[in-house]
Amino acid sequence: AQRVTQPEKLLSVFKGAPVELKCNYSYSGSPELFWYVQYSRQRLQLLLRHISRESIKGFTADLNKGETSFHLKKPFAQEEDSAMYYCALSGNAGGTSYGKLTFGQGTILTVHP
Amino acid sequence: DTAVSQTPKYLVTQMGNDKSIKCEQNLGHDTMYWYKQDSKKFLKIMFSYNNKELIINETVPNRFSPKSPDKAHLNLHINSLELGDSAVYFCASSQFLSTYEQYFGPGTRLTVT
């Protein structure tokens, strides 16, 4: 079974402060991990995926297989980063998990001025 | 130029009624999905279709029946609505079943009274 845990429902930081949104996963195979974001009054959209190893809008996330984590980080938060962030896992072992995205519970990030 | 659209945006109905939510994508994608987001913002997959074929069918009551008349449409029909069906329902699509970037619709907020 695949499972994603985001332990923080709410996270508040001040502008310019570092931010880290935690994500832990459980999956027996080799997973693909993603971060999706939903800004206010916008639809859910992909922010980044571990396989591309990109930095998007200053955010990075490193897959740590030893700790089964995929935390999202940004060194200097901006007010426009305020949004709901979902960590998601896709199993690629085939069978019923193929093509299935499992989402965490989501973290609402608020960046104060 | 909307990529994934859903109708209606809001749906208020009484227990026991039957209702449908429509989803259309103009991205030329092969795969479409339905997700349910509950009151705690937890996002869970319900169904996925690939080229009109049902691929993922999570543990969803059989009162929920997806229908895909063609690759660009995936409708969700719900019979005998219950209070617990109140949620936001999101449609999404991806280019292929094995491509995990999913494009989401704006959501349909269903309220059962």
Side-chain angles (χ1 to χ4, degrees), chain A residues 1-11 21 23 25 27 29-52 54 56 63 70 83-109, chain B residues 1-7 9-10 23-27 29-60 74 87-109:
Chain A
Q2 30 191 93
R3 186 171 182 169
V4 178
T5 304
Q6 293 177 248
E8 302 141 330
K9 180 71 177 173
L10 301 168
L11 185 60
L21 290 84
C23 172
Y25 68 89
Y27 183 64
S30 183
E32 290 195 42
L33 275 297
F34 307 82
W35 278 97
Y36 278 79
V37 61
Q38 187 173 26
Y39 301 102
S40 177
R41 288 185 291 278
Q42 293 187 29
R43 54 189 70 194
L44 193 63
Q45 58 188 288
L46 178 68
L47 179 63
L48 55 80
R49 68 184 84 182
H50 91 270
I51 201 168
S52 59
E54 297 174 298
I56 305 291
L63 178 61
F70 188 57
M84 168 73 98
Y85 291 80
Y86 286 99
C87 183
L89 176 153
S90 181
N92 54 11
T96 56
S97 68
Y98 195 61
K100 173 181 170 181
L101 263 185
T102 298
F103 285 86
Q105 301 93 318
T107 298
I108 299 172
L109 172 66
Chain B
D1 60 343
T2 303
V4 182
S5 59
Q6 295 177 227
T7 53
K9 192 169 182 181
Y10 300 96
C23 178
E24 177 181 2
Q25 54 94 4
N26 62 5
L27 296 166
H29 287 170
D30 281 358
T31 311
M32 297 185 72
Y33 311 80
W34 276 110
Y35 289 87
K36 179 180 180 180
Q37 186 184 49
D38 63 22
S39 58
K40 296 182 179 178
K41 302 291 188 183
F42 187 51
L43 196 60
K44 186 170 166 55
I45 191 165
M46 300 173 70
F47 303 102
S48 78
Y49 269 73
N50 187 58
N51 275 318
K52 302 195 300 175
E53 180 185 349
L54 179 65
I55 300 298
I56 293 173
N57 183 353
E58 288 293 284
T59 309
V60 176
L74 180 61
V88 180
Y89 292 84
F90 287 97
C91 177
S93 72
S94 62
Q95 188 172 10
F96 304 114
L97 182 60
S98 60
T99 301
Y100 300 117
E101 177 167 4
Q102 296 185 14
Y103 295 78
F104 283 79
T108 295
R109 182 174 294 277

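Below, chain A is the first sequence line, B the second, and so on; all start at residue 1. Nothing here was measured: the structure is a model prediction, and the numbers come from that model.
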Notebook entry, point to check: Roughly how far apart are Phe104(B) CZ and Gln42(A) CD, rounded to 0.5 Å?
Noted result: 14.5 Å
Notebook entry, point to check: Around Tyr89(B), counting heavy atoms of other residues, nucleotides and ligands shown, do more than 12 lie under 6.0 Å from its OH?
Noted result: yes
Next item on the list: With rounding to the nearest 0.5 Å, note down the distance linking CD in Gln105(A) to NZ in Lys40(B).
Entry: 10.0 Å
Check: Can you tell me if NZ on Lys9(B) sees more than 12 non-hydrogen neighbours from other groups inside 6.0 Å?
Finding: no
Check: What part of Gln45(A) is in contact with chain B, defined as an atom under 4.5 angstrom from a non-hydrogen atom: side chain, backbone, both or neither?
Finding: neither
Item checked: Atom pair CD/OH of Gln37(B) and Tyr86(A) - distance to nearest 0.5 Å -> 4.0 Å
Next item on the list: Can you see which heavy atom on Val4(B) is nearest to which on Arg43(A), and at what distance?
Entry: O-NH1, 2.6 Å
Check: Shortest non-hydrogen contact from Leu101(A) to Tyr35(B)?
Finding: CB-OH, 3.5 Å
